[in-house]
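To start, the structure under review is shown below, and the notes come after it.
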Amino acid sequence: WEQVTLAEIHVLIGGATRKGKSNLLNLLVRQVARCYDAVIWVYDGKGGRFVRPWLKPWINQDKDPNTDAPLAQPIFDWASIDLTEFERIVDAGIELARERPKLSYTSGSGWTATREHPWVLILADELSEAAGENGAASGWVDKRHQVSTGAMQGKIARLLRLGAGEAPEPEVQAVAG
């Protein structure tokens, strides 16, 4: 058994259709959701198929099995099925990555996640939708919201560069096939 410190890496999960990429993301969500010092922001390019099962217990006001009280909050701190909202997530991640180094470091070796300053995991299921793989010919990811492929690709690349070690950690998935 090897322990992987996710706060120190970027991940791109690629592969053919129906080969388990979303299942791996679900496993990642299940593990990170247990952490008191982490929050999850997610873009669901499948129109809600990825986030809906995770949000359903909170929407239905299911009870927490440990306390028998209604669930206090959804598993995702921020969820989007809309490209314009995903652009806001990416913009917020960029701003967070720019501001995070200004925090005072208690360990002297760098920033450490806490409840007050959590690690932010950014997931994108079907990143190809957000990065314009399906709209590249027209130059627009989402004509209705005027999100351009070039602008989105640039913002995602900037988030990846700035986020290194400053936690928002963009963990992303792309689909081929």
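Numbers here are sequence positions counted from 1.
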Between Asp37 and Trp119, is the side-chain hydrogen bond (donor to acceptor under 3.5 Å, both in side chains) condition met? List the steps.
CA-CA 6 Å; Asp37 59 352; Trp119 175 54; over 6 Å; no
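Shown here for Val39 and Pro118, the closest heavy-atom pair between the two residues is CG1-CG, 4.1 Å.
Atom OH of residue Tyr43 and atom CG of residue Asp125 lie 9.5 Å apart, to the nearest 0.5 angstrom. Summarising the geometry, atom CD belonging to Glu85 is positioned 10.5 Å from atom CG belonging to Asp91; distances are rounded to the nearest 0.5 Å. Taking OG1 of Thr84 as the start and CE of Met152 as the end, the distance is 9.0 Å to the nearest 0.5 Å. In this structure, CZ on Arg30 lies 4.5 Å from CH2 on Trp54, to the nearest 0.5 angstrom. A distance of 9.5 Å separates CD1 of Ile89 from CG of Asp82, quoted to the nearest 0.5 Å. Note that the CG atom of Leu25 and the CD atom of Glu126 stand 10.0 Å from one another [nearest 0.5 Å].
Around atom NZ of Lys19, no more than 12 heavy atoms belonging to other residues, nucleotides or ligands sit under 6.0 Å away.
Remark: side-chain polar atoms of Asp62 are not paired, donor with acceptor, to backbone N or O of Trp58 under 3.5 angstrom.
Gln61 meets the side-chain contact (heavy atoms from CB on, under 4.5 Å) test with no other residue; sequence neighbours excluded. Take Pro70 and apply the side-chain contact (heavy atoms from CB on, under 4.5 Å) test, not counting sequence neighbours, and it matches no residue. Under the side chain to side chain donor-acceptor pair (under 3.5 Å) criterion, Gln31 pairs with no residue at all, not counting sequence neighbours.
Taking hydrophobic clusters as Ile, Leu, Val, Met, Phe, Trp and Tyr residues chained together by side-chain heavy-atom distances below 4.5 Å, Leu71 shares a cluster with Ile59.
Ion pairing of Arg49 with Asp44 is absent here, as no side-chain N (NZ or NE/NH1/NH2) approaches a carboxylate O to less than 4.0 Å.
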